[in-house]
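The structure appears below as structure tokens.
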Protein chains: 2
Amino acid sequence: MILESLKTSKSAISQDNLQAQLGDLVDRATIYRVLNSFYEDGVVHKIVGDDGKQYFAYCRNCSEKSHHHNHFHFRCLNCGKIECLPNEMEVNLPEKYRTINFNGFISGYCSLC
Amino acid sequence: MILESLKTSKSAISQDNLQAQLGDLVDRATIYRVLNSFYEDGVVHKIVGDDGKQYFAYCRNCSEKSHHHNHFHFRCLNCGKIECLPNEMEVNLPEKYRTINFNGFISGYCSLC
DNA sequence: TTCAATAATGCAACAAAGCCGCATTATTGA
DNA sequence: TCAATAATGCGGCTTTGTTGCATTATTGAA
Ligand SMILES: [Mn+2]
Ligand SMILES: [Mn+2]
Ligand SMILES: [Zn+2]
Ligand SMILES: [Zn+2]
């Protein structure tokens, strides 16, 4: 059920989001565990929002081995939607620096709000 | 004292960071309040790390009215330093979207680690 | 099919980060 | 000088996320 929600959702979703969908069918801890194992298995990517919360989005344009997650995410301060922005980014790190995790996040107002 | 720490620190710092410097001279809640009022007054900028924590960095290349905070921050997973990366970024938002807050964060390993 | 080994879940507790109300203390300025 | 205002400490509270442990479910070899 969680995988289905992730697949069909257009936006990145968080635990409380899923909890609202599932009610008390599934425990809080289980949702977190499932999301984390999806993340470890490369099924979803994880973003930490500027609200300090973790969001998860189904990997769509990723092959098994090569993931492309260097895009920004947008959160509308009014309607709350979290979107993946299309453009993949490149960031110039200083010499010899190595990226492990990219976390690009912008909050603001979407076209409807 | 908090302002002094922010001014002299080369990296963005968090509450627990300051607490370690100040000991129990200043209460936890007060540190948060001071940091937030600096932020509201445009004295510092605030970044939410991919560890979910808030970091604050003294505004260095900002004028009173125009701030330039569209840069990434880097956290070394080994030594823990948080740096402002020099390059200012531009992100293409979809039509009619408006940016309120930019939060670029990369974690990885620095040149020394 | 059966049943022991393994995995997933629920429940409760816990920790970290951050915020807020309220009483107290400090600062300001008329 | 002292009343008004602001800053602080303390305690409690919420939210987010994790973990230990007992229970339940699933798996797969005999
Ligand atoms: Mn991916
Ligand atoms: Mn600034
Ligand atoms: Zn919106
Ligand atoms: Zn380092």
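Chain naming here is simple, since letters A, B, ... match the order of the sequence lines and numbering starts at 1 in each.
Nucleotide dT9(C) holds its P atom 16 Å from the CG atom of Asp24(A), rounded to whole Å. Put simply, CG on Asp16(A) is 14 Å from P on dT18(D), counting in whole angstrom units. Atom CG of Leu18(A) and atom P of dT9(C) are 14 Å apart (whole Å). The nearest whole Å value for the distance from the CG atom in Leu35(A) to the C1' atom in dA8(C) is 15 Å. We find that CD1 of Ile31(B) is positioned 11 Å from P of dT8(D), with the value rounded to whole Å. Residue Ile13(A) contributes atom CD1, which lies 13 Å from atom P of dG17(D) at whole-angstrom precision. Between the P atom of dC10(D) and the CG atom of Leu25(B) lies a distance of 12 Å, rounded to the nearest Å. Following rounding to the nearest Å, Gln15(B) (CD) and dA17(C) (P) show an atom-to-atom distance of 8 Å.
Note on Asp16(A) versus Lys53(A): salt bridge recorded, some NZ/NE/NH1/NH2 to OD/OE distance being below 4.0 Å.
The side chain of Gln54(B) sits closest to dC19(C) out of dT16(D), dC11(C), dC19(C). Residue Arg28(A) places its side chain closer to dG17(D) than to any other of dC22(C), dG18(C), dG17(D).
The phosphate of dG18(C) has OP1 or OP2 within less than 4.0 Å of a side-chain N or O from Tyr32(B).
Between the CZ atom in Arg75(B) and the OG atom in Ser11(B) there is a gap of 12.5 Å [rounded to 0.5 Å]. Rounding to the nearest 0.5 angstrom, the gap separating the OH atom in Tyr58(A) from the NE2 atom in His45(A) is 12.5 Å. Atom CG of residue Asn61(B) and atom SG of residue Cys84(B) lie 9.5 Å apart, to the nearest 0.5 angstrom.
A donor and an acceptor atom sit less than 3.5 Å apart, one in the side chain of Arg33(A) and one in the base of dG10(C).
Mapping Asp51(A) and Ala29(A) onto DNA chain D by nearest heavy atom places Asp51(A) closer to the 5' end of the strand. Place Asn36(B) and Asp27(A) on DNA chain C by their nearest nucleotides, and Asp27(A) ends up nearer the 5' end.
Using N1 to N3 plus N6-O4 or O6-N4 for Watson-Crick, or N1-O2 and O6-N3 for G-U wobble, each under 3.5 Å, dA30(C) pairs with dT1(D).
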Checking Leu85(A) against Leu93(B) for the side chain to side chain contact (heavy atoms under 4.5 Å, CB included) test, could you report, in this order, the C-alpha distance in whole Å, the side-chain angles of both residues, the deciding distance, and whether it holds? CA-CA 7 Å; Leu85(A) 300 183; Leu93(B) 289 184; 3.5 Å; yes
